[in-house]
Amino acid sequence: MSSQPFLTDIQTIRERARQHIENGAVTEGYSADRETVINILNEALATEIVCVLRYKRHYYMADGLSSSIAKGEFLEHAQEEQQHADQLAERITQLGGAPNFSPEGLLSRSHSEYAEGETLEEMIKEDLIAERIAIDSYREIVTYLGDKDPTSRRVMEDILAQEEEHADDMAALLEGVQTQS
């Protein structure tokens, strides 16, 4: 068993907490490059905003007999992507950054593309592709953050888990639409 205590001396923690209080939640123990993390989170924010816009468009544009289930999924996913954007914006501000909601350069900051699709099947495919891009990107972000920023990592892990659910939903919808064709 290690002779090193689990927790830093409480007096030391108290003294450090009084230093640089203008940094809010970012304490001396934060070991990530804060500016890099803010930039990464702003890219994820742009990705989520693009996903909201694409899902909303698909919700309004989907038509035909088999579109009602897809429309429900599109709307639900748009709302969940908006929640992700809000979570990311909140974390960015906690780190002392500014969430970038500017429409200028939104697509260049986003990891996913804004592909509309003409038919219901194309819309579902584009959404599935976007989810797969987010999954791979967010997995890399989680790995990068590691133990350097456990709070941002947890936010990204939670979002990643929901993106995986979205991909499963889109894959099931795609299978259903292709079966009907």
Side-chain angles (χ1 to χ4, degrees), residues 7-8 10 13-60 72-115 126-170:
L7 189 63
T8 305
I10 195 66
I13 291 174
R14 289 174 181 162
E15 289 170 11
R16 286 192 318 217
R18 294 182 179 284
Q19 299 168 2
H20 310 292
I21 61 172
E22 68 279 1
N23 290 337
V26 181
T27 65
E28 187 180 307
Y30 185 85
S31 62
D33 178 337
R34 194 162 39 114
E35 290 307 312
T36 299
V37 173
I38 290 168
N39 288 337
I40 289 169
L41 295 178
N42 264 316
E43 288 177 4
L45 175 61
T47 302
E48 295 300 317
I49 293 169
V50 167
C51 288
V52 169
L53 296 173
R54 189 186 53 259
Y55 273 124
K56 284 290 229 175
R57 181 179 197 286
H58 291 170
Y59 169 72
Y60 288 108
E73 288 292 326
F74 294 155
L75 182 59
E76 179 182 329
H77 289 197
Q79 293 166 342
E80 290 170 348
E81 303 292 2
Q82 181 61 57
Q83 291 172 352
H84 299 166
D86 293 341
Q87 290 173 296
L88 290 162
E90 180 65 33
R91 183 60 185 154
I92 291 165
T93 58
Q94 287 174 348
L95 292 172
N100 188 346
F101 285 99
S102 174
E104 187 174 325
L106 183 62
L107 282 175
S108 64
R109 292 189 312 273
S110 172
H111 295 181
S112 66
E113 300 165 305
Y114 182 84
E126 292 303 334
D127 289 330
L128 178 54
I129 290 166
E131 296 295 354
R132 290 170 53 86
I133 290 168
I135 289 166
D136 277 347
S137 296
Y138 294 175
R139 191 175 293 126
E140 286 187 27
I141 291 170
V142 166
T143 300
Y144 170 78
L145 293 170
D147 293 334
K148 296 178 285 192
D149 183 341
T151 303
S152 296
R153 184 191 70 230
R154 191 176 65 251
V155 167
M156 292 306 303
E157 286 172 339
D158 291 346
I159 293 171
L160 172 61
Q162 199 155 44
E163 301 299 356
E164 289 174 345
E165 288 176 27
H166 290 177
D168 283 346
D169 292 344
M170 290 298 108

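Just so you know, these numbers use all the heavy atoms, side chains as well, and skip hydrogens, waters and symmetry mates. Along the sequence shown, residues are numbered consecutively beginning with 1. In this text the structure is predicted, and so the values were computed from the model without any measurement.
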- [ ] Please check if the side chain of Arg132 supplies one atom and the backbone of Ala167 the other of a donor-acceptor pair under 3.5 Å.
- [x] no
Open item on the list: Suppose we screen for side chain to side chain donor-acceptor pair (under 3.5 Å). Which residues come up paired with Tyr138, at least two apart in sequence or across chains?
Closed with: Glu48
Open item on the list: Please report the interatomic distance CD(Glu163) to CG(Asp169), rounded to the nearest 0.5 Å.
Closed with: 11.0 Å
Task: Pairing residues for Leu53 by the side-chain contact (heavy atoms from CB on, under 4.5 Å) criterion, not counting sequence neighbours - done: Ile49, Leu106, Tyr114
Task: Contact list for residues 140-151, test salt bridge (Lys or Arg N to Asp or Glu O under 4.0 Å), sequence neighbours left out - done: Arg91-Asp149, Asp147-Arg153
- [ ] Please list, chain by chain and in numerical order, all residues satisfying side chain to side chain donor-acceptor pair (under 3.5 Å) with Gln83, sequence neighbours excluded.
- [x] none
Open item on the list: Rounded to the nearest 0.5 Å, what separates atom OG in Ser112 from atom CD in Glu131?
Closed with: 8.5 Å
Task: Contact check, side chains of Met156 and Leu88, non-hydrogen atoms, under 4.5 Å - done: yes
Task: salt bridge (Lys or Arg N to Asp or Glu O under 4.0 Å) contacts touching residues 72-84 (sequence neighbours left out) - done: none
- [ ] May I ask you to test the Pro99-Thr93 pair for a side-chain heavy-atom distance under 4.5 Å?
- [x] yes
- [ ] Might you confirm whether atom OH of Tyr60 has over 12 heavy atoms from other residues, nucleotides or ligands at distances under 6.0 Å?
- [x] no
TODO: Would you give the length of the straight line joining atom CD of Gln82 to atom SG of Cys51, rounded to the nearest 0.5 angstrom?
DONE: 11.5 Å
Open item on the list: Checking Asp158 now: which residues fulfil side chain to side chain donor-acceptor pair (under 3.5 Å) with it, not counting sequence neighbours?
Closed with: none
- [ ] Might you point out which heavy atoms bring Arg109 and Ser102 nearest each other, and give the distance in Å?
- [x] NH2-O, 2.7 Å
Open item on the list: Taking ring-ring contact (aromatic ring centres under 6.0 Å, His included) as the definition, give me every residue that meets it alongside His77, ordered by chain and number, with sequence neighbours left out.
Closed with: Tyr55, His166
TODO: With the side chain counted from C-beta on, respond yes when Phe74 and Met170 share a heavy-atom pair under 4.5 Å apart, and no when they do not.
DONE: yes
Open item on the list: For Glu104, I'd like to know if atom CD has over 12 heavy atoms of other residues, nucleotides or ligands within 6.0 Å.
Closed with: no
Which donor-acceptor pairs under 3.5 Å do side chains of residues 35-46 form with protein atoms, sequence neighbours excluded?
| from | atom 1 | to | atom 2 | distance (Å) |
| --- | --- | --- | --- | --- |
| Thr36 | OG1 | Asp33 | OD2 | 3.1 |
| Asn39 | ND2 | Glu35 | O | 3.3 |
| Asn42 | OD1 | Asn100 | N | 2.7 |
| Asn42 | ND2 | Ala98 | O | 3.2 |
| Glu43 | OE1 | His111 | NE2 | 3.0 |

Task: Distance in Å, Asp127 CG paired with His58 NE2, rounded so as to fall on 0.5 Å steps - done: 5.0 Å
TODO: Could you list the residues that satisfy salt bridge (charged side-chain N to carboxylate O under 4.0 Å, His left out) with Asp136, not counting sequence neighbours?
DONE: Arg139
Open item on the list: To the closest 0.5 Å, what do you measure between CD1 (Ile129) and CD (Glu113)?
Closed with: 8.0 Å
- [ ] First locate atom CD of Gln162, then atom NE2 of His84, and finally report the distance between them rounded to the nearest 0.5 Å.
- [x] 3.5 Å
